[in-house]
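Below is one structure, written out as structure tokens; comments come after it.
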Amino acid sequence: MADIVLDKVSKKYPDGTVAVRDVDLEIADGEFVILVGPSGCGKSTILNMIAGLEDISSGDLRIDGERVNDKAPRDRDIAMVFQSYALYPNMTVRENMAFPLRLAKLDKATIDEKVNDAAKVLELTALLDRKPANLSGGQRQRVAMGRAIVRNPKAFLMDEPLSNLDAKLRVQMRTVVSRLQRRLGTTTVYVTHDQTEAMTLGDRVVIVRAGAIQQVGEPQQLYDHPANLFVAGFIGSPSMNFLHASVADGRLRTALGDLPIGSRVRGLLSDAPENLIIGIRPEHFEDAALVDEAARAKGTEFEAPVELVESMGSDKYVYFTVEGERATSAELEELAADAGASDLPTGGGANLVTRLSAESAVKEGENWRVWVNLEKIHLFDPSNGRNLTLHEGRAAGVTAE
Amino acid sequence: MTVRVSEGKRAERRLGWLLCAPAAIVMVAVTAYPILYSVWLSLQRFDLKFPDEREFVGLSNYITVLSNEYWWTAFGVTMLITVVSVAIELVLGMGLAVVMHRTLVGRGLVRTSALIPYGIVTVVAAFSWRYAWTPGTGYLANLFSDGAPLTERASSLAIIILAEIWKTTPFMALLLLAGLALVPDDLLKAASMDGATAWQRFVKVTLPVMKPAILVALLFRTLDAFRVFDNIYVLTAGANETSSVSMLAYNNLLRGLNLGIGSTMSVLIFISVAIMAFIFVKLFGTAAPGREEGRR
Ligand SMILES: Nc1ncnc2c1ncn2[C@@H]1O[C@H](COP(=O)(O)OP(=O)(O)OP(=O)(O)O)[C@@H](O)[C@H]1O
Ligand SMILES: [Mg+2]
């Protein structure tokens, strides 16, 4: 077990691509850290540099306090699980799992014991004499995990280990991975582009975009206090609603109407541009009829036509279209592209996704009054994506004094 | 229990046969007749110098050939050339393939230059080897020996093998290169992470994974080498007991005009090649490269 420190680590590929830029990251001993970001943002590159499979162009990588930039992978004592599983096709499951131990020149009895133990943990005992070609996807995945855990390495690196599994199996394996990591307490770096995995698995999540770290924090912290537009839009499903907003006469002019802003926020906005992006999570809306007096004062109400209602049982996702300008920024376009939504028809006006209580009587096609919690609103600077309402690391909504 | 084959599977199989058919038909049309005709000839006493004595003699030609020491010497020479040259070609070809696989800059140039020997007509190359080893005028002869290497048995065989290797190593390398490309990168990365050195990765991961490609390359080259003819014809013409079986068959057929004995030798060569192919396919499980874990 070990801590891993990346100190201004950059990667420039021979063809000139800068895949990773000045990444600073400290991973504590035993911690489970998730690297998440859109495709091509450099997650695998970071992982491969920690593994030693890619050279580090500049900066230092320290494992257990020791600089390991120039150490070969085999001297770093780190195990890796690949998206393709990378099982040796010519070896049985047992031989696959024993491979690292055999290379470490352990005696046969010890190898057998360790392989059998790992097989038991991962429920592979019955499959030990099969070849990988004769295993299901989930079984192969477990063998890959088994090969990683048998040798008790200092750290695990996993590069999208579950993304080749179907949705149901992925959820199951998620808990397997999570439990295994808790049990072994081994430092783990896990790469994914699935934000559900990111939110549920790790102690801390690192959000990467275009080779640079956007924000590092516990899942809830990233969700509640995103540092910028990119993080805000990336984390959460359905994702945060973004609308255009402009400051006028001490109020915020938005498609939801003119919103009051408190003096503290006015202070934060003093040197902000006139045009802003306002971000509201779906759950911070509520059917106005269901909001009590006390809560009502914390927000504001607006009326809009209901486009679609999806009842989830526990709550309802209600889609509105509101008149007004849509928010635009480079980050938002990138997020839309990553979600594969860049060329969906958007019609006029801005789309809102809201999550209302299941008791709401909301009906498709009608105009409905909706309340929005102003304490939870974020304001972003469209030019650089920075969260303007973030104060001392916390976002505080627009009404707080 | 009988295995039921679904309609779709059957249609696919039928299509497979249909696609193979033209090639198979052409091949049978071109080869079946000569093969059967040689078998027919091999069962007769038939010497063009004495055409009147032609008669059906059953297997007696086979007895004559198989009890003849020249045949067995030639067979030994052929096996020696085959085994030694294929073994060396495998090692060199593998090295060359790895180099070609690894080179990032000037890949095309490396591949093209490696393939030059293979592009040269064998007879032309053989003549240049002959001149090179001719005492007095040849640069290699002057460099390495003071006698005439092509007039002694051991050195002649060595030179024949050298010419074979020089000529077909690129072909071997090309076949192996295709196999190398089949080894997934992730597998080698995983092996690095598991603690394997570069050599261990090669021996324990690369070689086993590309085994089908290696076997195919060996099969092709073995069958090819067993029929060695042009190099011997040009370099020694079979002098000093350096004849291969092909050379012997040629001498009997076209020089001696003994169609019966010559055909018998051809048929025996054919049988030997068939046995070798059978061994490769059945015993080693050689399959087409890239085929998914067919039988094991
Ligand atoms: N060998 C290479 N040479 C040049 N550029 C590369 C190389 N490998 C990756 N890149 C580039 O570096 C960037 C980061 O790649 P990386 O594989 O780390 O992305 P990723 O975040 O893992 O993406 P994904 O989620 O699709 O796996 C990409 O723009 C990619 O095109
Ligand atoms: Mg990747």
Side-chain angles (χ1 to χ4, degrees), chain A residues 13-15 44 47-48 50-54 71-92 95-106 130-135 140 143-144 146-151 153-161 164, chain B residues 3 94 99 101-110 176 178-218 280 283-296:
Chain A
Y13 280 109
D15 67 354
S44 298
L47 208 66
N48 286 341
I50 299 176
L53 297 170
E54 287 289 356
K71 273 197 176 181
R74 57 194 297 265
D75 299 320
R76 296 190 189 191
D77 191 20
I78 289 177
M80 187 154 171
V81 179
F82 294 82
Q83 178 176 359
S84 62
Y85 314 137
L87 301 179
Y88 310 117
N90 52 308
M91 302 183 197
T92 62
E95 287 162 345
N96 262 283
M97 286 167 61
F99 190 64
L101 303 175
R102 272 188 17 232
L103 292 174
K105 301 227 172 5
L106 266 58
R130 292 230 200 134
K131 289 265 169 74
N134 306 328
L135 297 178
R140 284 180 211 183
V143 177
R147 193 174 62 189
I149 67 171
V150 272
R151 46 187 264 240
K154 282 186 182 169
F156 294 135
L157 306 178
M158 307 193 188
D159 194 348
E160 311 203 18
N164 279 354
Chain B
V3 180
M94 184 64 88
V99 169
H101 188 65
R102 291 265 178 85
T103 17
L104 298 172
V105 278
R107 207 174 199 151
L109 187 73
V110 172
L176 294 175
L180 272 180
L182 288 179
V183 182
D185 247 5
D186 271 1
L187 226 49
L188 297 171
K189 287 188 185 174
S192 305
M193 296 305 298
D194 284 343
T197 58
W199 177 248
Q200 284 170 325
R201 287 200 293 276
F202 183 70
V203 174
K204 301 198 171 182
V205 179
T206 306
L207 284 185
V209 172
M210 64 181 294
K211 187 178 133 196
I214 295 176
L215 285 172
V216 167
L218 282 180
F280 267 102
L283 262 54
F284 301 154
T286 310
R291 195 168 126 181
E292 189 73 29
E293 302 288 308
R295 88 204 105 206
R296 355 192 84 260

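Below, chains carry the letters A, B, ... as their sequence lines are ordered, and counting in each starts from 1. Below, each value reflects all heavy atoms present in this structure, side chains not excepted, and no hydrogens, waters or symmetry copies. Keep in mind it's a predicted model, so treat the numbers as computed, not measured.
- For A/Asn48, the part lying under 4.5 angstrom from a heavy atom of chain B is the side chain only.
- Counting heavy atoms from C-beta on, the side chains of B/Arg201 and A/Arg74 never come closer than 4.5 Å.
- In this structure B/Thr197 satisfies the side chain to side chain donor-acceptor pair (under 3.5 Å) test together with B/Gln200, sequence neighbours excluded.
- Between B/Val209 and A/Asn90 the shortest heavy-atom distance is CG2-OD1, 4.3 Å.
- Heavy-atom distances place the side chain of A/Phe82, and not its backbone, under 4.5 Å from chain B.
- For a residue to count as touching a neighbouring chain, one of its non-hydrogen atoms must lie under 4.5 Å from one of that chain's; by this rule A/Ala104 does not touch chain B.
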Report task. Would you please test A/Gln83 and B/Asp186 for side-chain contact (heavy atoms from CB on, under 4.5 Å) and show each step? Result -> CA-CA 9 Å; A/Gln83 178 176 359; B/Asp186 271 1; 5.7 Å; no
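- Heavy-atom pairs under 4.5 Å with chain B peak, among A/Asp77, A/Asp159, A/Leu53, A/Val81, at A/Leu53.
- When every heavy atom of B/Ser192 is checked against every heavy atom of A/Pro73, the shortest pair comes out as O-CB, 3.9 Å.
- Chain B forms more heavy-atom pairs under 4.5 Å with one residue of A/Tyr85, A/Tyr88, A/Phe99 than with any other, namely A/Tyr88.
- With a 4.5 Å cut-off on non-hydrogen atoms, A/Leu87 touches chain B through its backbone but not through its side chain.
- In this structure, the separation between CZ on A/Arg151 and CE on B/Met193 is 7.0 Å, given to the nearest 0.5 Å.
- Neither the backbone nor the side chain of B/Lys211 comes within less than 4.5 Å of any heavy atom of chain A.
- The minimum heavy-atom distance linking A/Pro89 with B/Leu187 is given by the pair CD-CD2, 3.7 Å.
- For A/Ile78, the parts lying under 4.5 angstrom from a heavy atom of chain B are both the backbone and the side chain.
- The side-chain contact (heavy atoms from CB on, under 4.5 Å) check on A/Ala98 picks up A/Ile111, A/Val115, with sequence neighbours excluded.
- For a residue to count as touching a neighbouring chain, one of its non-hydrogen atoms must lie under 4.5 Å from one of that chain's; by this rule A/Arg76 does not touch chain B.
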